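Working notes, structure below.
Quantities reported herein were computed from a predicted structural model and do not represent experimental measurements. What you see below is based on every heavy atom in this structure, not just the backbone, and it leaves out hydrogens, waters and symmetry mates. Letters A, B, ... are given to chains in the order of the sequence lines, protein chains preceding strands, and every chain is numbered from 1.
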2 protein chains.
Amino acid sequence: MGRRPTIIDVARLAGVSKSTAARALTDSPDVNEATREKVRKAAHTAGYERNHLAVGMRSGRSGLFGLVIPDITNPFWAEVARGAQDIVGENGASLLVFSSDWDHDREAAHLRALRQARVEGAIINPVSDNVDDFGRFGVPFVLIGSSAERFPDTPSIGSDIAQAVRLGLDHLVLLGHPTPALILGPKSRLARARFLRTVHEHCLERDVDPGALLVEDSDYTFEGGYAAMQRLLARRPIGHIAVFCANDLIALGAMLAAREAGRECPRDVSILGFDGVPAGAFSWPGLTTIEKPAREMGRRAAMALFDEIAGRPQDGRIYLPCRLVERGSLADLGAQTPLRVAGVGRS
Amino acid sequence: MGRRPTIIDVARLAGVSKSTAARALTDSPDVNEATREKVRKAAHTAGYERNHLAVGMRSGRSGLFGLVIPDITNPFWAEVARGAQDIVGENGASLLVFSSDWDHDREAAHLRALRQARVEGAIINPVSDNVDDFGRFGVPFVLIGSSAERFPDTPSIGSDIAQAVRLGLDHLVLLGHPTPALILGPKSRLARARFLRTVHEHCLERDVDPGALLVEDSDYTFEGGYAAMQRLLARRPIGHIAVFCANDLIALGAMLAAREAGRECPRDVSILGFDGVPAGAFSWPGLTTIEKPAREMGRRAAMALFDEIAGRPQDGRIYLPCRLVERGSLADLGAQTPLRVAGVGRS
DNA sequence: GTGAAAGCGCTAACAG
DNA sequence: CTGTTAGCGCTTTCAC
């Protein structure tokens with residue numbers, strides 16, 4: 001259980017100098033194949049493992065990357081983390097993961113920890129302007145998520161909200177819901193404006209008056225969606241009503257509100273979500289939603305980082321397309337056939 | 001964007017030697033308060049940040065800890081990760097997170113990465129006997145999760161399945177379900193045996209014949225629970241049936257199967273889950289379940305690690321108690337039938 | 001193709 | 001209280 005073996009131990013065991021041992025172990029071409037094999041064997045029998053701290057110190061490459069997200073417990077961010085983890089791992093490096101809880105101070109502390117760990121690069125969902133500072137330290141980083149749009153000069157990865165909204169709207173129109181109600185996030189959010197603008201454009205293109213749409217505000221929570229749906233149902237007490245929700249939690253809350261009001265989904269109410277959270281697959285009916293490519297976002301963010309480090313310059317923001325996941329929460333008003341209510345069907 | 005400032009830059013700027021600068025910055029008591037302030041100021045204006053690689057190299061303390069779990073995308077493990085992250089962060093260190101996907105080779109690779117990063121300690125959900133090797137490298141580690149029970153000689157953290165099963169059974173009995181059916185995991189799993197044994201004990205204590213219980217096997221998935229429940233309903237086509245499921249996914253699948261069979265939950269069917277996954281809160285009805293203390297497990301695992309490093313020896317396995325979360329999936333039969341009719345099974 | 005030596009940034013003796 | 005010195009383990013010139 002004593003001292004871990006160093007390259008000097010290996011060198012001694014192989015009867016070579018430590019520089020030769022190092023060369024052999026780093027697959028340097030300037031070393032005799034027989035010597036290399038000898039060193040390899042010695043390293044193996046000594047149980048040698050390269051000390052990345054020393055390597056990082058000498059070479060400036062720590063083999064460490066950082067990820068700062070709001071909360072690893074949030075399924076969306078967990079997927080992002082997984083994607084980043086996979087790419088970082090494929091490149092022989094390791095990932096430091098931090099949760100900021102949308103807190104400026106925590107974020108600042110985590111960014112400092114990343115710098116002190118001498119990470120080679122970082123993926124950050126920015127909650128404040130801390131990242132401006134971060135850029136000054138010369139650590140390559142890419143931003144991720146919608147909050148990254150506030151930093152147009154920094155390479156970033158996001159989902160294509162405009163494309164997603166159009167996808168949802170097209171699908172709703174197809175099923176006979178040309179003027180869906182909207183339950184949106186708080187007015188303060190950038191994403192809300194983008195969502196609404198795209199809806200307006202889509203309406204205009206179809207010659208429908210955007211002003212005719214029912215809109216409710218919410219706060220991206222289950223409870224918020226529940227309350228907003230109650231208001232919506234009060235405003236439109238009869239007839240089928242279709243609702244396009246700004247996220248899945250809102251949609252799930254809306255679904256419960258409808259049920260408790262005796263309006264059955266999808267018979268009396270159609271609900272379309274946005275996110276692709278796992279819980280949507282287990283609700284009743286299953287939640288039809290637009291899935292953000294969370295894992296792919298994490299992967300692409302990590303790839304962008306490696307590209308940047310390798311000197312391949314990154315262009316600004318990359319928008320990844322979203323995908324429609326059909327489950328059972330939308331009625332097909334155009335069809336004469338009885339409604340299909342699927343509960344199973346996970347992505 | 002040039003070279004990051006080192007402690008030598010700080011020392012020069014403050015007009016002291018680098019060791020004095022180091023002492024001042026490490027809050028060593030052996031330094032004049034005025035000097036310390038001077039150095040602090042210099043460090044600040046230089047934009048100095050300690051290089052943890054160098055610190056780790058010199059002191060042997062890398063400030064890095066490792067976590068190897070099956071999948072960060074699994075909500076249970078994400079909670080564990082969060083708990084560990086929080087404690088590690090509170091101690092000024094950072095956490096390297098890896099997902100093994102229950103794969104031996106990936107696990108081995110991750111453990112090697114941890115060793116090479118010279119982590120000060122690791123938390124591992126073991127999938128294979130790789131951890132036996134790991135122990136030999138002198139890196140402190142604690143195991144976590146039910147698979148850790150295979151290594152009784154290593155400190156580990158788990159949830160108290162026996163206590164959880166008793167909690168569930170007590171609650172079911174209280175609500176008038178003295179002989180619930182069981183949907184369990186695969187026969188190969190250790191957890192299954194423990195679950196079943198506890199149920200038997202509980203039955204015996206209440207003078208009910210364990211053999212009278214309906215049992216179905218499943219595989220811990222939604223689809224598996226769905227199929228198992230179909231078989232259960234076929235075996236017991238009439239009357240209220242209560243089911244204690246080995247995990248929440250099974251329970252959610254069972255709920256769907258019941259609904260599709262026209263047996264409404266909780267009117268005709270009572271379903272009790274086990275895990276505490278988020279999706280259970282959004283199902284209809286909400287899933288009553290026994291929640292494993294996932295985050296607390298992560299916290300305690302990290303704490304145990306710090307204890308061990310600090311020389312406070314760890315005792316074997318710690319079992320953390322689970323908690324009943326009441327939502328809407330259990331019927332209270334006590335309303336019409338006398339409660340606590342021990343020994344009276346239905347047949 | 002191999003060895004000797006320097007040094008990455010820091011902390012921990014050891015002197016003063 | 002503060003400065004000097006010696007490495008931690010590794011890679012990388014620079015010689016040979």
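Rounded to an integer number of Å, the gap from CD1 of A:Ile7 to C1' of C:dA5 is 15 Å. The separation between A:Asp30 atom CG and C:dG1 atom P is 7 Å, rounded to whole Å. Between A:Asn32 atom CG and C:dG3 atom C1' there is a gap of 15 Å when expressed in whole angstrom units. Between the CG atom of B:Leu25 and the P atom of C:dG9 there is a distance of 16 Å, rounded to whole Å. In this structure, B:Lys18 atom NZ and C:dT11 atom P are separated by 10 Å, rounded to whole Å.
Using a 4.0 Å heavy-atom cutoff across all strands shown, A:Ser19 reaches at least one base atom of the nucleic acid.
Note on A:Glu79 versus A:Arg82: no salt bridge recorded, every NZ/NE/NH1/NH2 to OD/OE distance being 4.0 Å or above. A:Asp86 and B:Arg106 are joined by a salt bridge, as a carboxylate oxygen and a charged side-chain nitrogen come within less than 4.0 angstrom of each other. Of the charged side-chain nitrogens involved, at least one lies within less than 4.0 Å of a carboxylate oxygen, so that B:Asp27 and B:Arg40 count as a salt-bridged pair.
Judged by distance alone, the side chain of B:Asp103 and the main-chain N or O of B:Asp105 form a donor-acceptor pair under 3.5 Å. One N or O on the side chain of A:Arg36 and one on the backbone of A:Ser28 form a donor-acceptor pair closer than 3.5 Å. With B:Asn130 contributing its side chain and B:His104 its backbone, the two residues share a donor-acceptor pair below 3.5 Å.
Using a 4.0 Å cutoff on non-hydrogen atoms, the parts of residues 35-66 of chain B near DNA chain C are B:Tyr48, B:Arg50, B:Asn51, B:Ala54, B:Val55, B:Arg58, ordered by number.
Taking the centre of each ring, A:Phe65 and A:Phe306 come in below the 6.0 Å mark.
The footprint of chain A on DNA chain D, defined by a heavy-atom cutoff below 4.0 Å, extends from D:dG9 to D:dT13.
Side-chain contact check for B:Ser17 and B:Ser19: at least one donor-acceptor pair (N or O, by modelled atom type) lies under 3.5 Å.
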